[in-house]
Amino acid sequence: MTRPSRLHVPHPPARPGDRPDFGYLVTSPAGAVPRPEPLARLAEIEPLATSLVRVIDDDHRAKGPWQPRLSAEELRTGLRYMLLTRAYDDRMLRVQRQGKISFYMKSTGEEAVSIAAAMALRPGDMLFPSYRTQGLHIARGSNTVDLMCQCLSNTRDMCKGRQMPVFYHSRARKIFSVSGNVATQFPQAVGWAMAAAIKGEDDVAAAWIGEGSSAEADFHYAVTFGAVYKAPVILNVVNNQWAISTFQGFAGGEQRSFAARGPGYGIAGIRVDGNDFLAVYAVTQWAAERARRGGGATLVELVTYRAAAHSTSDDPARYRPKEEAEAWPLGDPIERLKQHLIGLGEWSQERHDRLVAELDAQVAAAWEEAIGYGTMTEGPQLDPNLMFEDVFKELPPHLAKQRAQMLSERD
Amino acid sequence: MTRPSRLHVPHPPARPGDRPDFGYLVTSPAGAVPRPEPLARLAEIEPLATSLVRVIDDDHRAKGPWQPRLSAEELRTGLRYMLLTRAYDDRMLRVQRQGKISFYMKSTGEEAVSIAAAMALRPGDMLFPSYRTQGLHIARGSNTVDLMCQCLSNTRDMCKGRQMPVFYHSRARKIFSVSGNVATQFPQAVGWAMAAAIKGEDDVAAAWIGEGSSAEADFHYAVTFGAVYKAPVILNVVNNQWAISTFQGFAGGEQRSFAARGPGYGIAGIRVDGNDFLAVYAVTQWAAERARRGGGATLVELVTYRAAAHSTSDDPARYRPKEEAEAWPLGDPIERLKQHLIGLGEWSQERHDRLVAELDAQVAAAWEEAIGYGTMTEGPQLDPNLMFEDVFKELPPHLAKQRAQMLSERD
Amino acid sequence: MAQMNIVQALNSAMDVMLGRDPSVIIMGEDVGYFGGVFRATDGLQKKYGEHRVLDTPIAEGGIVGTAVGMGVNGLRPVVEIQFADYIYPAVDQIISECARLRYRSGGDFWAPITIRAPCGGGIRGGQTHSQSPEGIFTHVAGLKVVMPSNPYDAKGLLISAIQDDDPVVFFEPKRIYNGPFDGDHDKPAVPWRTHPKGEVPEGYYTVPLGKAEIVRPGDEVTVLTYGTMVHVAAAAVREQQVDAEIIDVRSFIPLDVDTICESVKRTGRCVIVHEATRFSGFGAELCATVQEECFWTLEAPIERVCGWDTPYPHAFEWEYFPGQKRIRAALRRVMEAGR
Amino acid sequence: MAQMNIVQALNSAMDVMLGRDPSVIIMGEDVGYFGGVFRATDGLQKKYGEHRVLDTPIAEGGIVGTAVGMGVNGLRPVVEIQFADYIYPAVDQIISECARLRYRSGGDFWAPITIRAPCGGGIRGGQTHSQSPEGIFTHVAGLKVVMPSNPYDAKGLLISAIQDDDPVVFFEPKRIYNGPFDGDHDKPAVPWRTHPKGEVPEGYYTVPLGKAEIVRPGDEVTVLTYGTMVHVAAAAVREQQVDAEIIDVRSFIPLDVDTICESVKRTGRCVIVHEATRFSGFGAELCATVQEECFWTLEAPIERVCGWDTPYPHAFEWEYFPGQKRIRAALRRVMEAGR
Ligand SMILES: Cc1ncc(C[n+]2csc(CCOP(=O)(O)OP(=O)(O)O)c2C)c(N)n1
Ligand SMILES: Cc1ncc(C[n+]2csc(CCOP(=O)(O)OP(=O)(O)O)c2C)c(N)n1
Ligand SMILES: [Mg+2]
Ligand SMILES: [Mg+2]
C-alpha cells in the first residue's frame, strides 16, 4: 500500500512554446477582503495572508474597505512617478544596448510596488531597497540625472565608481544602499527599526526582496527578530513569479502564499495585488500604522509579474512563453491607475499622451546632462585614487602604500 | 494618537525567586485533538499546529484517536529505554563531577522525545540527532559502553578522541554525527530524504533541534527545501522552554507555536505533548507514514521541559526558579508511562523498583568496563597519530610531514 | 579530441560523470531547465532528467546543507554557486560540516561534494560579481581547493573532484571561460580554439588533484600563479623577455610543494601572481612556504602581485586588475635585486 | 587602578562605553539577564536596562544583520558571538555587508559594529569550541581585526574598537580569560593578579588599533605572536635562554609593519607563533610581509609554529597545541641556521 515517495519537482505552468497559464493564481474580487484595525489581533488578520487585497476592479472603479481615499492630485502624482520610472527603465535599457552602460535591470510591470509604497510612507521612514525598486528613488524625488550617473560610474557617481549599475543609495532621502547579495537588507531593516524603537522614535523601516530571495537565511532572520522584538518594520516580498529562470514554486510558493509565513511566525501577513496602486498604498499605510503604534512587523507579499528580462544579461525566451506578460491576470499597474483616473473624470488619453511625451523628453534631457559628467569611455573620468578611499574611514598605511604603487605602475 | 513604538523584550514568566508560572502554555485535553489521515490536505491538518496532541490523560488512561495501540511489551520496552537513558545521564553527570570526563549534557525530562520517536520509526530510517537526543542511541540498541567510551575519548572512542563528550554517532544504527554547530543537521536530513526519494527508496529521515536553535538559518533552509521537494522527512523542534538562559520567547515562541511555521511554509505542522510517550509515538508514526507515502515533510513541535542544567558548564539557578521543573504542567514522561502501565495492570511499583535497580547496576558495570579502555588520564591511551587521520580520506603530504614533526617534537 | 572552451569542458565533465556514475547529481540556482547563467549545465537536465539535475531555491547554505545529507545517503552532489561572491551564506555548512564530517565521525561519515564557484573579475561585475575568495577556503582543514586555468584542466580536474571522496571547492576563473586573456582588455577577445589547451578529449580522463603544472620552463625566475593570471603572467614574461619558469599552481590543497620548490631552488627568484586581494591571500601561504623551503637559494625577495586590498571596483577595473605592467615591474625588481 | 582578569576588563570596557555613549548597545546570545556564558556582560543589563543590553535569538547571522541596521540608524552595537567557532553563519553579513557598506555607498553609509568572539583552545572544547579563525577575517578588505593578550590591552583595545567607525572583529583568547597560561597544563593555574598587565584602570582609556607591542626586548631573534601564545612564547624564550624580542602583534588589520620589521631587521631572525592552523593562517601573511621587507637582513628562514592543519581534537589537545617544546625547537633551529 505504501509506495515509495518520489522527489517532487515544481514545474512552472508553461515553458516556451506552451500557452501561458496562470490558473494557479489565487485571487479575490476587488473590495472583497475585509480591513481589520491596524492593531487587530493576529487571528483577525490571518485570513489576509491567503486572500488577495484588491481595490481597483475590472471596470477600474475603487471598491471596498481598503480604498485609501487619495485626492486626484495624489493619484496623478503616483501615475507620473510610475510613468517616469518606466520611461527611465526604457531609456537605460536602450543605452545599455548601445554599450554606454555595462548592465541594467528593469522594473517594468512592477512600478506600483515601489511608487505606491514610498508614497504611503513618511519621509522619516527608512527604505531598504532591492535592485528592482528604483521607483523608491523616483517617488522620493531623486534626480534621474544622479541615478544615471551611478549607472555610468562617472564623475558624479554617488558610488564613486565602485558599483555596477542600479546599486543606488541616497542618505538624504533615507534610501539604503542596494546590496549585490540578495536579501541581506531584510534583517538590516529590522535592526534599523529596532534602533528606532530603542530610541523612542516613531519612524518605521521598510524593506523589499524578491520571492526567490526569500529562501535565503536573511528572510528567516528578519521575520524571527521582527516577531521577537515586535520591530516597527514592513517586510515586503515582491512575488513577481520568476527568479531569473526559476518560477516562484522553487521558493515554496507552490504550497502556500509567502504572506502566510507571517502568521506562521506570529506576525501580520498580507497578500496584496502588486499591480493595484490603491491596494499597495492602502496595505503599506495599514502596516506602517500598525508598526508605528507598537503592533510590530508585517510581512507583505506583493503579487506581480516581472514583465521584462531579469537583467540585460538574461533572455527569458529561453525559459518562459513570450506571451506570458500579456496573459498576466492582474494587468499593468500604470494602465489600471490611468483608467481609474479617467473613470473618475480626472484624467484623459490626451493628458496621458502629453505626460508620457513630457517624461520621455525629461529623461532624454537627463541623459544628455548625465553623459556630460562622463561615461566609462569618454569625457571626464573619476580619479582612480578613489578606489582606495572608504575601504576604511581613514586610509590605513597599507592602502596608502598600494595607492602609491598603483600610481607609479599603471599604464 | 500614534505613540512611538517601543522595543518589545520577551520575558520568561518567572526568574529566580519568583513563583513558577506556566500560564502561557496552551494545552488540549488528552484525546481531544482529531487525527486526520496521514495524507490529508493541509487545511485539515493545520489545526494540529496550534493545539496539543495528547493521549495519556491525568488519570494515566490513554484517550482518543491518537492512541498508537502498542502492546504492553512494547510499552515496557519504551519504559525501560527511558529509564536506561535517565540512569545513563545520572551516571555520566556524576563521573563528570568527579573529573572523569570533561563535559556532559543530560536529557532528563525529555526522554520520551527520543525514545518514542525512535521506536515509531523503522531501522532503515536515518536519524539526525541533536546533542540532547542520546535516547536515540539507547532505543536503537547502542551499547552504553560505546557511548561512555566516546565521552572518555578512550581507546574505544568511536570518534577517535576528536570530539567532546556526547557528540556520538553510529553508522551501523543509522544515527548521524552530532554537530557542535546547532541546527546544521536540519537541512542535511532534508537532503538525505531527498536522496532517498531520488533513489526511489522509502526510508525517511528524522532530525531533532532545540527551539532556540530554530532561529538559525538551517531551520529555514530545511523547511523551505522540505516544502519545495516534498522531502520524506520529519523535522522535530524540541521546545523544552529554555535555550541555556534564554526562554523560548526569544526564538519566537511568544507569539505563535513553532509547529505553526509548518503550515506557514505549506508543510504539515503538529504540536505534541513531548512528555506523553504515546502521543510522541503516534505523531511520529503519522508523520513517517505521510512522508513514506509521498505526503512530504512534517514539522513536529515537541512540548517538553529541560529539567536539568543546559550542560555541566551551566547553572540554571542563575536564571530560572529552582521549582520550575516540578511545576511543569506536562509532568514527567517516565512517571506518566509507568502509571499508565500500572493502570493497565501491566506493571507495578515493585517491578519498577527492580528495573531501576537492574539498570543502575547495568550502567555501573558498563562504566567499569568503559574505563578499562582508558580515561583521559589513566589506562591505555589513544595513539596521537590518529589526530592526523580522517582530515582527508588519505593522508596528504603536508599532514604526513606535520605528523612526523609532532612525533619528533612532543614532550 | 574536440575544441572546447572552459564552459563546454565543464559541461562535458559533468556529462561524462552523470553518465558513468548514477550517484552523481547536479544542483544549484538556475542550473536545471535553464542550464545555468553561464550555461555550464546546458542540456544536462534534458539528458539526465529532473532527479539528476536539480534547480534549487536561492539559498546557498541550504543547497550545501542538503547536499551534505545527499552525500551521506550515497550521492555525489556537484553544487553550483552562481558566483563565488555568493558562497558566504554557505560557509558554515562548508566549514563546520563538509570539511569536518569525516574527522569528527572517526571516518564513519563523509560527504563527497564538489562545489563549483565562478570567480574573478575583469568582466565589469563590480564588487559582488568579481571576487576571488579562494584564500579563505585554503585555511580550512578538511577541504580540497582547486582552480583550473584552461579547458583541458577544467574538465580533468572537475572529473577528479567529482570522483574524490573529500569535499572539493572548485573555483572557475570566469574571465577566461570563453578564451585565454592576457590582461590587455583593448585587444579583441581570443577564443580557446587558438590555444593548445582548448583541445579536449570528449570522453573520460582526469587531471589529478595536488599536482601543479609548469606551463613555461625557465631558469631565471619562478612565477607562481593560477587561473586567469596564468595567461597574463605568460604575456608579461614574453614582453619582459625574461627566462621565467611559469607554474600553474592549480591545486591549493593539496599543494604541490615539490614542483614549486624544485623550481625556485633552481631559479633563486620568485614572483607570485593572483587576482585576489593581497593581504592574507593565498599568495601569502605560497610566499611563506617558498621562503621556508628555499631560503638558502633565494637571491631576491619573493614578490607578490595581487589585487589591491579593496573591494573590486566597477569603474577602475583595470587599475585594480594585476595586469602585465605590474607583473613586469615586479619581474624587473626581482631580476635586478642583488645584482 | 584595579586588579582585573580579561573577562572583568572586557566587562569594564563595555560598562565604561555604555556609560559614556548612549548609542552603544550590547547584544548576543545569553548576554542580557544571564550576563554571558563567560560572564563578560555580567551586570550590564541590570545597570543599563533591557534596551541597551539585549538577549537575542540564536542566529549569529541575524544578530550581525540587525546590528548593521542599528549601526546605520546611529547606534554602536557590540555583538557577542558565543564562540568564534559559531561565527560562520554570520560570515555573509560580516563580509558582504559590514565590511563593504562604506565602500559601496561611496562613504554615505557605514555600520560601526564591534564583534566579540572568544577563540582558541586548551580548554577541552574539542573541534567546535577551540577554533582560531582570525586568519579568514584578515583577508577581508574593510574589516579591522584584533586580539588582545592581557587584561590591560583587552579593555583598551575594546574601547578603541567600540569607538572606531569601522567594523572591528575582536577575538578573545579564552584560555587566558582568568590568567596567563605558559602552555604547561600540569602547572596550577596562575591568576592575572600575578601579572603586571592585570593592573587595569577603572575608567576610560584606550589602546590604539594598529600598534603592536614589544613585550620583551631582545636582539637575537624576533618572535611574532599574539593572544595566548604571547605567554607560551615568553616561557619558551625564558627556558631557551635566547635573547629574543617578543612582539605581541595585537592588531592584524591595520598591521604595525614598522614595529615588526624594525625588529627583524635588527635581529635578522624570526619565529612566528599562533594557535590557528598553519596553512594560510595569519602567520603566512606575517611571514610574507617580513620576507618582503627584511629579506636582505634575514640570516635564517622564518619559521612558523602553529596548530596542525587538522580540526582541534579533544583528546590530543596538548599534542595539537603549539607549546613551549615546539617553540623552543623552532628557536633552536632558527638560532643555529647558517651558523
Ligand atoms: C546571495 C545571492 N545568491 C545568488 C545571487 C544571484 N541572483 C541575483 S538576482 C537572483 C534572482 C532573484 O530573484 P527574486 O528574488 O525573485 O527577485 P527578482 O529578480 O524576481 O526581482 C539571483 C539568483 C545573488 N545576487 N545573491
Ligand atoms: C551556531 C551555534 N551558535 C551557538 C551555539 C552555542 N549553544 C550551544 S547550545 C545553545 C542553546 C540551544 O538551545 P536549544 O536549541 O533550545 O536546545 P536545548 O539546549 O534547549 O536542548 C547555544 C546557544 C552553538 N552550539 N552553535
Ligand atoms: Mg522574483
Ligand atoms: Mg531548548
Side-chain angles (χ1 to χ4, degrees), chain A residues 1-10 42 49 193-204 214-221 223-232 249-267 269 289-296, chain B residues 1-10 42 49 193-204 214-221 223-232 249-267 269 289-296:
Chain A
M1 186 217 75
T2 71
R3 57 149 183 68
S5 66
R6 306 289 296 128
L7 190 77
H8 171 75
V9 178
L42 201 54
M194 287 171 69
I198 287 170
K199 295 189 286 180
E201 297 162 353
D202 73 350
D203 300 320
V204 310
S214 71
E216 293 284 2
D218 293 300
F219 172 88
H220 177 58
Y221 299 145
V223 181
T224 300
F225 281 65
V228 166
Y229 300 106
K230 296 198 172 166
F250 272 98
E254 234 183 5
Q255 316 297 343
R256 205 75 194 271
S257 77
F258 291 91
R261 297 180 188 180
Y265 282 79
I267 67 170
E289 184 177 344
R290 181 174 174 85
R292 246 183 270 285
R293 293 173 58 190
Chain B
M1 186 214 73
T2 70
R3 56 150 182 70
S5 67
R6 306 291 295 127
L7 190 77
H8 170 75
V9 179
L42 201 55
M194 288 171 69
I198 287 170
K199 295 189 285 180
E201 297 162 356
D202 72 350
D203 300 320
V204 310
S214 71
E216 293 285 0
D218 294 299
F219 171 88
H220 177 58
Y221 299 146
V223 181
T224 301
F225 281 65
V228 167
Y229 300 105
K230 295 198 173 167
F250 272 99
E254 232 182 8
Q255 316 297 341
R256 204 76 195 271
S257 76
F258 291 91
R261 296 179 189 181
Y265 282 79
I267 67 169
E289 184 177 346
R290 181 175 173 85
R292 246 182 270 285
R293 294 173 59 191

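Note on naming: letters A, B, ... go to the chains in the order of the sequence lines (proteins, then strands), and numbering restarts at 1 for each one. If you're wondering where the values come from, they're calculated on a predicted model, not measured in any experiment.
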Discussion item. Can you tell me which of Ala227(B), Ala215(B), Gly252(B) forms the most heavy-atom pairs within a distance under 4.5 Å of chain A?
Written reply: Ala215(B)

Worksheet, complete the sentence: Honestly, the part of Phe219(A) sitting under 4.5 Å from a heavy atom of chain B is side chain

Item to complete: Can you measure from CZ (Phe225(A)) to CZ (Phe250(B)) and round to the nearest 0.5 angstrom?
Response: 10.5 Å

Practice prompt. Quick one: closest heavy-atom pair of His8(A) and Val228(B), and the distance?
Written response: CD2-O, 3.1 Å

Worksheet item: How are the rings of His220(A) and His220(B) set relative to one another: parallel (under 30°), tilted (30 to 60°) or perpendicular (over 60°)?
Response: parallel

Worksheet entry | Heavy-atom check, side chain of Lys230(A) versus side chain of Glu254(B), under 4.5 Å | no

Worksheet item: Can you find a heavy atom in the side chain of Phe258(B) that is under 4.5 Å from one in the side chain of Tyr265(A)?
Response: no

Worksheet entry | Under 3.5 Å donor-acceptor, Arg6(A) side chain and Gly294(B) backbone | no

Worksheet item: What residues, two or more places apart in sequence or in another chain, satisfy side-chain hydrogen bond (donor to acceptor under 3.5 Å, both in side chains) together with Gln255(B)?
Response: none

Worksheet, complete the sentence: Whatever's closer than 4.5 Å to a heavy atom in chain A on Ile267(B) counts as neither

Item to complete: Examine whether an atom of Ala49(B) lies under 4.5 Å from a heavy atom of chain A, and if so say whether it belongs to the side chain, the backbone or both; otherwise answer neither.
Response: neither

Response to the item:
Output for pair (Leu7(B) CG, Ile198(A) CD1), nearest 0.5 Å, gives 5.0 Å

Item to complete: Using non-hydrogen atoms and a 4.5 Å limit, figure out which bit of Tyr221(B) sits close to chain A: side chain, backbone, both or neither.
Response: side chain

